[in-house]
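Please read these numbers as outputs of a predicted model, since none were measured by experiment.
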There are 2 protein chains.
Amino acid sequence: MPDRDLPPYRRIADDLRAAIATAKLAPGEKLKSENELKDLYGTTRVTVRKALALLKADGLLISEQGRGVFVRQ
Amino acid sequence: MPDRDLPPYRRIADDLRAAIATAKLAPGEKLKSENELKDLYGTTRVTVRKALALLKADGLLISEQGRGVFVRQ
DNA sequence: AACCATTTGTTCGTATGTATG
DNA sequence: GCATACATACGAACAAATGGT
């Protein structure tokens, strides 16, 4: 419920953070592409990237140009 | 507020659409490559692909990896 | 077979403009 | 003014399919 007022990029970030914490997204695993995430969350790529940026800043994710975004091992 | 100036990808799409409508691009014909179109329109491949995507969504074009983009017959 | 050039497909990186609250 | 969000555009790297040498 507290989640309801979070802006989309925060909600997406929390969602991914939880997936990583519970190992639904395992270390080394490649995330869905930004475009897929955009569709999944019903938002735009910019917003998805904003969410990913939070997790990258936390060191939870690593992105590689032309390859994808990965869960840090 | 009228969208007098269309964004490049829209302008390119309209241009190709007109060429198809007037059969300057005939059914089954292969378009110039994305790299050629990019140079012709003075833009980038990404923008060209965005224009092509519109026409593919409309069923006017069909693309085949390694071969090219074709006017639907 | 092995190699290579061409072409489309996919993906992340970055920047600007516009709009809203 | 600021944070958020969307639209557009350009840049870059790599993958995959094709066709020819």
Whole Å only: how far is the [atom1] atom of [X] from the [atom2] atom of [N]?
X	N	atom1	atom2	value
B/Leu55	C/dT8	CG	C1'	16 Å
A/Arg11	D/dA3	CZ	C1'	18 Å
B/Leu61	C/dT7	CG	C1'	15 Å
B/Leu37	D/dC10	CG	P	14 Å
A/Tyr41	D/dC6	OH	P	15 Å
B/Leu6	D/dT8	CG	P	10 Å
B/Ile12	D/dT8	CD1	C1'	12 Å

Could you go through B/Asp39 and B/Glu36, starting from their C-alpha distance and side-chain angles, then the distance that decides it, and tell me whether this counts as side chain to side chain contact (heavy atoms under 4.5 Å, CB included)?
CA-CA 5 Å; B/Asp39 293 338; B/Glu36 285 180 289; 5.8 Å; no
To which residues is A/Val69 joined in a hydrophobic cluster, defined by side-chain heavy-atom contacts under 4.5 Å among Ile, Leu, Val, Met, Phe, Trp and Tyr, whether direct or through other members?
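A/Ile12, A/Leu16, A/Ile20, A/Leu25, A/Leu31, A/Leu37, A/Leu40, A/Tyr41, A/Val48, A/Leu52, A/Leu55, A/Leu60, A/Leu61, A/Val71, listed by chain and number.
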Should side-chain heavy atoms under 4.5 Å link Ile, Leu, Val, Met, Phe, Trp and Tyr, which residues sit in the same cluster as B/Val46?
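Members besides B/Val46: none; it forms no cluster.
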Quick one: side-chain hydrogen bond (donor to acceptor under 3.5 Å, both in side chains) pairs with a partner in residues 20-31 of chain A, sequence neighbours left out?
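Residue pairs passing side-chain hydrogen bond (donor to acceptor under 3.5 Å, both in side chains), neighbours aside: none found.
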Taking OP1 and OP2 of D/dA5, is either one under 4.0 Å from a side-chain nitrogen or oxygen of A/Tyr9?
no
With a 4.0 Å limit, can you tell me whether A/Thr43 has a side-chain N or O closer than that to the phosphate oxygens OP1/OP2 of D/dA5?
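The answer is no; no side-chain N or O of A/Thr43 sits under 4.0 Å from OP1 or OP2.
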Classify every nucleotide of nucleotides 11-21 of chain C by which part a protein heavy atom approaches to under 4.0 Å, writing B for the base, S for the sugar-phosphate alone and - for neither, in 5'-to-3' order.
BBBB-------
My understanding is that only residues two or more places apart in sequence, or in another chain, count here; which of them pass side chain to side chain contact (heavy atoms under 4.5 Å, CB included) with A/Arg10?
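Here the qualifying residues are A/Leu6, A/Pro7, A/Leu54.
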Going by side chain to side chain contact (heavy atoms under 4.5 Å, CB included), name the residues that satisfy it together with B/Glu64, two or more places apart in sequence or in a different chain.
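Listed in chain order: B/Arg67, B/Phe70.
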